[in-house]
Amino acid sequence: MSSYPQATETRKQELAENYKLINDQVQSLNPKCNLVAVSKLKPSSDIMALYDIGVRHFGENYTQELIAKAAELPKDIKWHFIGGLQSGKAKDLAKSVESLYAVETIDSLKKCKQLDNTRERLGGDVVNVFLQINTSGEDQKSGYSSSALDDVEETVRYLVSDECKKLNLLGLMTIGSFLESTSENGENQDFSKLVEVKKILDEKYNLDLELSMGMSNDFAQAIKQGSTSVRVGSSIFGARPPRTAA
């Protein structure tokens with residue numbers, strides 16, 4: 001492992017303890033729920049510290065950062081792209097990240113086709129995709145509208161067709177509003193809306209979609225409402241440094 005970036009022993013212990021604390025909570029709520037460690041803006045040495053204790057699912061928000069980390073870290077890491085996906089960057093992801101496990105932020109048919117066409121042309125492995133649904137209706141959030149599913153269904157039909165060669169429709173993703181995610185009223189309405197969208201699509205297209213919802217401050221509630229994958233960053237890695245302009 002010496003060829004990979006290494007954290008200090010103190011940092012390794014800190015990360016291992018943080019991860020175990022969160023993973024124990026996740027497993028106690030749903031043993032089948034997948035915990036994605038969100039490593040954006042954190043050094044590759046932090047990722048290796050968790051890799052060495054068996055963690056394989058890591059989430060990144062920025063295309064170039066993911067490409068750089070994937071190039072210098074073990075090839076069996078299952079990378080999740082969880083940031084806003086620009087049309088021009090979809091090709092870069094498909095081309096440059098061989099072990100890309102999932103893109104969780106698909107919000108247009110065009111981006112689907114760009115990912116699929118690039119991966120097909122290069123002969124890469126199949127990539128899982130989640131369709132991002134904007135269940136909170138907030139303008140600053142990306143995603144398909146949860147109130148008008150025509151665009152979602154058009155993308156679903158493409159993904160399950162023979163035309164799509166290198167993408168697998170794995171599930172749906174949402175980000176709860178700050179208000180819903182910090183509420184103490186129990187059920188998160190933004191998560192409830194995603195569960196409803198899942199029911200509609202599952203029944204209409206004979207699917208069994210997974211749900212990616214829940215982050216550091218609301219993952220427990222998300223799991224209670226049916227999430228099968230949660231994205232946790234700061235509770236594992238600690239506060240992030242400010243992002244510097246590229």
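The figures that follow rest on heavy atoms only: side chains count, while hydrogens, waters and symmetry mates do not.
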Taking atom types as modelled, is there a side-chain donor on [X] or [Y] under 3.5 Å from an acceptor on the other?
X    : Y    : answer
S177 : D190 : yes
S142 : Q132 : no
N134 : S136 : yes
S192 : E187 : yes
S145 : S147 : yes

As an exercise, state the distance from [atom1] of [X] to [atom2] of [Y], rounded to the nearest 0.5 Å.
X    : Y    : atom1 : atom2 : answer
L131 : L209 : CG    : CG    : 7.5 Å
T135 : M213 : OG1   : CE    : 9.0 Å
I22  : S216 : CD1   : OG    : 6.5 Å
S99  : D76  : OG    : CG    : 8.0 Å
L41  : Y62  : CG    : OH    : 5.0 Å
L73  : M48  : CG    : CE    : 6.5 Å

Search all heavy atoms of [X] against all heavy atoms of [Y] and return the closest pair with its distance.
X    : Y    : answer
A7   : A49  : CB-CB, 4.4 Å
N30  : S227 : ND2-O, 4.0 Å
N18  : S235 : CB-O, 3.8 Å
G176 : F191 : N-CE2, 4.0 Å
D92  : I67  : O-CD1, 4.0 Å
A239 : K42  : O-NZ, 2.7 Å

Test item: [X] and [Y] side chains (from C-beta on) under 4.5 Å apart, heavy atoms:
X    : Y    : result
L149 : Y144 : no
V55  : N23  : no
L93  : L85  : yes
T105 : M173 : yes
V197 : T174 : no
L115 : V127 : no

Exercise for the section: Using the test salt bridge (charged side-chain N to carboxylate O under 4.0 Å, His left out), find all partners of E120 that sit at least two apart in sequence or belong to another chain. Expected result: none
Tell me whether [Y] is reachable from [X] by hopping between hydrophobic residues (I, L, V, M, F, W, Y) whose side-chain heavy atoms are closer than 4.5 Å.
X    : Y    : answer
I53  : Y4   : yes
L159 : V126 : no
I133 : L211 : yes
L66  : I106 : yes
L194 : I200 : yes

Checking [X] side chain against [Y] main chain: does a donor-acceptor pair fall under 3.5 Å?
X    : Y    : result
T8   : R11  : yes
Q225 : N188 : yes
R56  : Y51  : yes
K166 : G124 : yes
D218 : M215 : yes
R119 : A94  : yes
K69  : I47  : no
K75  : A70  : yes
N117 : K113 : yes
R231 : V38  : no

Within a reach of under 6.0 Å around [atom1] of [X], are more than 12 heavy atoms found that belong to other residues, nucleotides or ligands?
X   : atom1 : answer
Q13 : CD    : no
E72 : CD    : yes
K95 : NZ    : no
K78 : NZ    : no
D24 : CG    : yes

Salt bridge between [X] and [Y], side-chain N to carboxylate O under 4.0 Å?
X    : Y    : value
E17  : K20  : no
K198 : D208 : yes
K193 : E196 : no
E154 : R157 : no

Exercise for the section: If the plane angle is over 60° it's perpendicular, under 30° parallel, otherwise tilted; pick one for W79 and F58. Expected result: tilted
Problem - From CA spacing to verdict: side-chain contact (heavy atoms from CB on, under 4.5 Å), D116, Y158 - result: CA-CA 11 Å; D116 185 58; Y158 168 75; 3.0 Å; yes
Exercise for the section: Let me see the working for Y205 and L169 under side-chain contact (heavy atoms from CB on, under 4.5 Å), right down to the final yes or no. Expected result: CA-CA 12 Å; Y205 297 97; L169 176 56; over 6 Å; no
Exercise for the section: Applying side-chain contact (heavy atoms from CB on, under 4.5 Å), run through F130 and I82 and close with a yes or a no. Expected result: CA-CA 10 Å; F130 289 77; I82 61 171; over 6 Å; no
Exercise for the section: Report the C-alpha separation of S39 and D46 in whole Å, then their side-chain angles, then the decisive distance to 0.1 Å, and conclude whether the side-chain contact (heavy atoms from CB on, under 4.5 Å) test is met. Expected result: CA-CA 8 Å; S39 46; D46 276 5; over 6 Å; no
